[in-house]
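To start, the structure under review is shown below, and the notes come after it.
Remember, it's 1-based here, ligands and their atoms both numbered in the order they're listed.
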Amino acid sequence: MQTVHTVSDLRVALRPRPDWALVPTMGNLHAGHLGLIARARKENVPVVASIFVNRLQFGPNEDFDRYPRTLQHDAELLAEAGCDLLFAPDEAEMYPQPQTFRVLPDPAIADMLDGAARPGHFEGVATVVMKLFQMTGPRHAVFGKKDYQQLLIIRRMVEQFALPIDIIGLDTVRADDGLALSSRNGYLTPEERAQAPQLQAALRALAEDARLATAPEQIRLLEQQTMARLDQLGWVPDYLTLRRRSDLQTPTALDLHQGAACVVLGAARLGRTRLIDNLEC
Ligand code: PAF
């Protein structure tokens with residue numbers, strides 16, 4: 001596997017092959033990321049992974065400074081996983097000027113849930129993903145469904161800007177006890193790590209109970225009860241909610257009646273760590 005750090009070297013490395021599959025990451029790779037590489041390889045095109053911890057998508061009091069940076073180990077994992085090219089720019093390469101031109105995602109899908117809790121987050125994500133798309137010109141790009149709202153926003157961005165990129169969403173990879181793999185799991189103390197699967201269990205229970213609901217008010221009550229249960233277990237829940245998969249809006253009575261495809265999404269803080277997860281239902 002070749003590693004490049006500049007856009008000009010990247011373009012030279014990409015040139016000999018017409019089609020690539022891109023796996024954008026922020027590094028500190030785990031089995032979930034390696035699953036994205038494996039999925040990308042199924043497209044039978046060479047795979048380029050990017051590693052860049054994107055300051056634009058972190059709020060002022062978030063974990064940008066302590067976000068784990070493990071480039072050398074990541075490169076070894078990527079090479080073992082069959083990745084062909086690694087693009088690992090530094091901040092000056094990605095943002096040689098202050099990034100005053102931005103991609104502003106539709107507030108209807110970007111200002112709720114994680115976007116409400118993390119103002120500007122999805123603008124930062126959309127901007128860097130657009131830049132990565134411009135830099136690599138991929139035919140395919142693979143993202144994990146753990147960041148469900150991010151995936152929807154990227155799909156919409158690609159549709160609305162008519163980008164010729166096939167966006168592939170991959171199911172969340174979980175530890176044996178159900179915890180969704182995430183680089184942020186490394187922040188958890190051993191006690192918190194043992195407790196962490198409670199978020200997934202709460203989502204599962206909400207999805208189960210919501211199946212019997214016929215009115216949006218019932219769903220709202222179930223969401224409140226689920227959040228209260230997590231709160232009692234020592235979490236600080238941000239949201240636990242049932243939404244339509246298509247646009248992440250609250251399902252109407254008709255949606256519930258017609259069994260519209262839904263997803264339960266949750267975000268909650270355990271100690272100093274904010275975890276997110278979701279479950280299609
Ligand atoms: O999902 C991530 O790791 C990041 O949000 C992404 C897509 C690499 C953009 O920085």
Against heavy atoms of V128, which atoms of ligand 1 measure under 4.0 Å?
9 (C), 10 (O)
State, without any angle test, whether R243 and Q249 hold a side-chain donor-acceptor pair at a distance under 3.5 Å.
no
Working to the nearest 0.5 angstrom, can you tell me the gap between F87 CZ and T6 OG1?
7.5 Å
Assess the side chains of D277 and Y148: does a donor N or O sit below 3.5 Å from an acceptor N or O?
no
Given L151 and R155, is the side chain to side chain contact (heavy atoms under 4.5 Å, CB included) satisfied, shown in steps?
CA-CA 6 Å; L151 178 59; R155 281 194 194 286; 4.2 Å; yes
Can you list the ligand 1 atoms lying under 4.0 Å from a non-hydrogen atom of Q150?
1 (O), 2 (C), 4 (C), 5 (O), 7 (C)
Under 4.0 Å to a heavy atom of Q57 - the qualifying atoms of ligand 1, by number:
4 (C), 5 (O), 9 (C), 10 (O)
Can you list the atoms of ligand 1 that are under 4.0 Å from a heavy atom of T25?
8 (C)
